[in-house]
Amino acid sequence: MVDVSVTATSSDQNLTDSPHYLAETLIKNGVKHMYGVVGIPVTDFARIAQGMGIRFIGMRHEEDAVNAAAAEGFLTGRPAVALTVSAPGFLNGLAPLLEATTNGFPVIMIGGSSTRHVVDMHEGEYEGLDQMNYAKQFCKESFRIDKIEDIPLAVARAMHIACSGRPGGVYIDFPDDAVAQTLDKDVAESQLWVANQPAPAMPPAQSSVDEALKLLSEAKNPLMLVGKGAALAQAEDELREFVEKTDMPFQPMSMAKGVIPDDDPHCTASCRGLALRTADVVLLVGARLNWMLDFGEGKEWNPNVKFIQIDIDPNEIENARSIACPVVGDIKSAMQMINAGLEKTPVKASAQWLDMLKADAEKNDAKFAARVNSNTVPMGHYDALGAIKKVYDQHKDMILTNEGANTLDDCRNIIDIYQPRHRLDCGTWGVMGCAVGYSIGAAVATGKPVLYVGGDSGFGFDGMEVEVACRYNLPITFVVLNNGGIYRGDFENLGDDGDPSPLTLSYDAHYERMIEAFGGNGYYATTPAEVEQMVGEAVASGKPSLVHVQLADYAGKESGHISNLNPKPVVGPLATSEMTANPYLKGAHM
């Protein structure tokens with residue numbers, strides 16, 4: 001037998017290779033965590049990065065790895081890294097990469113890929129795919145490292161682009177022939193440079209700020225609408241100062257909850273409908289007039305409303321309707337300038353406007369309280385979430401992640417958030433199967449306890465990641481609300497083949513046993529009192545836990561609060577009925 005072992009020479013010992021150089025560059029640029037699924041050709045890169053000091057969180061699916069890294073980007077303002085293998089693994093990461101970009105979460109996805117020249121010539125390479133070009137339409141920018149010398153440039157540009165302007169995703173392609181390259185250590189060190197962070201401030205034009213203040217000062221019913229862009233900009237101090245000085249009522253979007261605490265008396269969450277219908281000037285702060293706000297038109301809005309829009313992206317201005325006063329710049333700078341301008345151009349919401357909103361909120365809160373505290377068994381979403389709220393109110397620094405249809409919509413309305421960047425959900429793109437990954441990223445990035453609240457359908461997309469929570473002993477309490485179906489569990493099969501409805505899942509499941517299989521704590525709750533007791537115990541333990549909350553199978557309604565986006569047939573049984581096993585009074589009816 002021929003001895004093919006190679007003895008390192010002195011010249012070899014002064015070399016570095018691409019995996020070591022990439023890990024070193026990421027560390028110098030402040031990357032602390034990497035989430036991923038290892039395999040060809042990046043297995044050794046993950047091990048080397050771990051050995052050099054990056055904490056590697058091995059996930060069960062690439063989609064959840066990118067979501068976890070994106071959650072860290074939202075919470076910290078700096079991108080973490082998601083690592084995928086070639087082709088199928090890379091493709092699994094694209095949907096969450098686009099979700100992060102749409103939501104404005106900074107993240108860097110690194111994908112191992114197959115040998116370039118073989119892929120380009122379509123010779124049938126193992127998992128061959130032109131990944132760099134596929135990724136372009138899913139993120140802000142896409143790069144390929146063809147030479148080891150380009151690693152510092154690729155990382156620096158990715159850091160800048162992910163964090164600058166409206167944040168988002170960047171993809172770096174890492175082909176196997178580039179993984180194998182080497183470079184003299186001294187040369188590598190001399191060429192390594194670090195991106196300047198954070199991104200420089202981009203103050204708006206003073207004239208636009210002056211015009212915004214003029215419009216607000218003349219408004220009869222001014223309203224501020226706070227979007228997650230304000231949370232991303234970490235502008236909570238400036239916004240709270242503005243509300244204190246102006247008495248401005250505000251409406252938070254879901255991931256902007258906590259930028260100003262939800263229990264602030266100026267919050268219009270309980271009178272949202274009246275606030276939008278009667279506001280004559282609306283200050284949009286990091287909120288987009290997209291489908292979530294009916295594009296700023298229609299019956300939800302005062303037909304004569306004027307919008308002031310603060311956004312760092314000029315392409316967002318007038319994307320759906322006219323804007324009376326565009327303010328293009330970063331939110332923190334813009335709000336500092338607006339606050340400074342209040343001395344010259346005072347703005348004050350009238351007592352009459354505030355009293356009208358307060359009266360409507362008190363009326364709605366009374367109706368809401370009756371539903372949240374009904375103690376109905378089997379439970380509906382309101383009963384269960386009302387019990388969870390009692391626990392959350394005792395742990396206000398806990399990060400909440402949320403997904404589902406009814407579970408998402410009702411949780412957003414019931415559980416108040418008191419600190420910025422303490423709520424993560426599917427956001428602008430509306431994708432389910434994101435919140436378990438978000439939970440892992442939030443726990444790793446902050447070390448804080450995390451409360452996941454999801455429906456049985458939403459949890460099914462990424463529930464296997466509870467094993468990751470157990471493997472890394474993360475302080476996550478998963479709460480799964482089970483009504484046995486997509487939207488609800490009692491939809492009927494319109495045929496006669498005996499199969500379940502397309503919307504039916506396993507109502508008699510015991511999701512808590514999943515986490516028990518991996519050493520976590522499982523609980524099964526059937527009453528509001530049990531929900532409060534068990535969720536409280538799970539959170540207090542600081543251990544990976546899962547509370548299965550058994551709802552009625554008729555709890556919830558089709559498509560949650562956005563049923564208008566799911567067109568109904570005009571003929572046949574579904575034109576007039578949901579075709580559920582329970583009568584109208586027990587369930588929801590379209």
M253 vs R288, side-chain contact (heavy atoms from CB on, under 4.5 Å): CA-CA, chis, key distance, verdict: CA-CA 10 Å; M253 300 299 287; R288 292 177 272 185; over 6 Å; no

Are Q181 and Y21 close enough, and set up right, to give a side-chain hydrogen bond (donor to acceptor under 3.5 Å, both in side chains), and what steps lead you there? CA-CA 10 Å; Q181 292 180 18; Y21 198 28; over 6 Å; no

T101/F138 under side-chain contact (heavy atoms from CB on, under 4.5 Å): CA gap, chis, key distance, verdict: CA-CA 8 Å; T101 302; F138 292 88; over 6 Å; no

Please step through side-chain contact (heavy atoms from CB on, under 4.5 Å) for the pair I388 and V479, ending with a clear verdict. CA-CA 9 Å; I388 296 169; V479 182; 3.8 Å; yes

May I have the step-by-step check of side-chain contact (heavy atoms from CB on, under 4.5 Å) for L91 and L129, ending in yes or no? CA-CA 10 Å; L91 291 172; L129 189 68; 4.0 Å; yes

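One finds a salt bridge joining D409 and R412 here, because a Lys/Arg side-chain nitrogen approaches an Asp/Glu carboxylate oxygen to under 4.0 Å. Between R60 and D64 there is no salt bridge, since no side-chain nitrogen of the basic residue lies less than 4.0 Å from a carboxylate oxygen of the acidic one. Using a cutoff of 4.0 Å between basic side-chain nitrogens and carboxylate oxygens, E24 and K28 are scored as salt-bridged. At a threshold of 4.0 Å, the pair E316-R166 counts as salt-bridged, since one of the basic side-chain nitrogens sits closer than that to a carboxylate oxygen. For E189 and K185, the salt-bridge test fails: no basic side-chain N is under 4.0 Å from an acidic carboxylate O.
The shortest heavy-atom contact between L289 and A320 is O-CB, 3.6 Å. The minimum heavy-atom distance linking P106 with C163 is given by the pair CB-SG, 4.3 Å. Of all the heavy atoms in T16 and A188, the pair that sits closest is CG2-CB, 3.8 Å. The two residues V179 and P19 have their closest heavy-atom pair at O-CD, 3.3 Å. Closest approach of S254 to D425, counting heavy atoms only: OG-OD2, 3.0 Å. Nearest heavy atom pair, residue Q309 against residue E318, reads OE1-N, 4.0 Å.
When the shell of 6.0 Å around CG of D397 is examined, it contains more than 12 heavy atoms from other residues, nucleotides or ligands. Within 6.0 Å of the NZ atom in K396, the count of heavy atoms belonging to other residues, nucleotides or ligands exceeds 12. Surrounding OH of Y134 are at most 12 heavy atoms belonging to other residues, nucleotides or ligands under 6.0 Å away. The number of heavy-atom neighbours closer than 6.0 Å to CE of M202, taken from other residues, nucleotides and ligands shown, is 12 or below.
Remark: the D177 side chain and the T115 side chain contain no N/O donor-acceptor pair separated by less than 3.5 Å. Neither side chain, H61 nor E465, offers a donor N or O lying under 3.5 Å from an acceptor on the other. Between the side chains of E403 and Y438, no donor N or O sits under 3.5 Å from an acceptor N or O. Using a 3.5 Å distance cut-off with no hydrogens or angles, the side chains of T401 and S439 do pair a donor with an acceptor. At a cut-off of 3.5 Å, with distance as the only test, a side-chain donor of K228 or T428 sits close to an acceptor on the other residue. Between the side chains of D17 and H20, at least one donor-acceptor pair of N or O atoms lies under 3.5 Å. When only modelled atom types and interatomic distance are considered, Q131 and D173 share a side-chain donor-acceptor pair under 3.5 Å. Checking D130 against N133 by side-chain atom types alone, a donor-acceptor pair falls below 3.5 Å. Between the side chains of R423 and N402, at least one donor N or O sits under 3.5 Å from an acceptor N or O.
The side-chain heavy atoms of L83 and F45, taken from C-beta on, include a pair separated by under 4.5 Å. Considering only heavy atoms from C-beta on, R240 comes within 4.5 Å of P420 through its side chain. Contact annotation: the side chain of Q234 approaches that of R421 to within less than 4.5 Å [non-hydrogen atoms, C-beta and beyond]. Looking at heavy atoms from C-beta onward, H395 lies out of side-chain contact with P449 at the 4.5 angstrom threshold. L474 is listed as a side-chain neighbour of V444, based on a closest heavy-atom distance under 4.5 Å. Taking 4.5 Å as the limit, every side-chain heavy atom of P252 sits out of range of all side-chain heavy atoms of V259. Using a 4.5 Å heavy-atom cutoff, the side chains of I317 and D311 are in contact. Looking at heavy atoms from C-beta onward, L26 lies in side-chain contact with I54 at the 4.5 angstrom threshold.
Ring orientation note: the planes of Y418 and Y392 are close to parallel, at an angle under 30° on the 30°/60° scale.
Note that the CZ atom of R144 and the CZ atom of F174 stand 13.5 Å from one another [nearest 0.5 Å]. Between the CG atom of D313 and the CG atom of D330 there is a distance of 13.0 Å, given to the nearest 0.5 Å. Residue H33 holds its NE2 atom at 6.0 Å from CZ of R55, rounded to the nearest 0.5 Å.
Taking the six-membered ring wherever Trp is involved, the centroid distance between the rings of F143 and Y171 does not fall below 6.0 Å.
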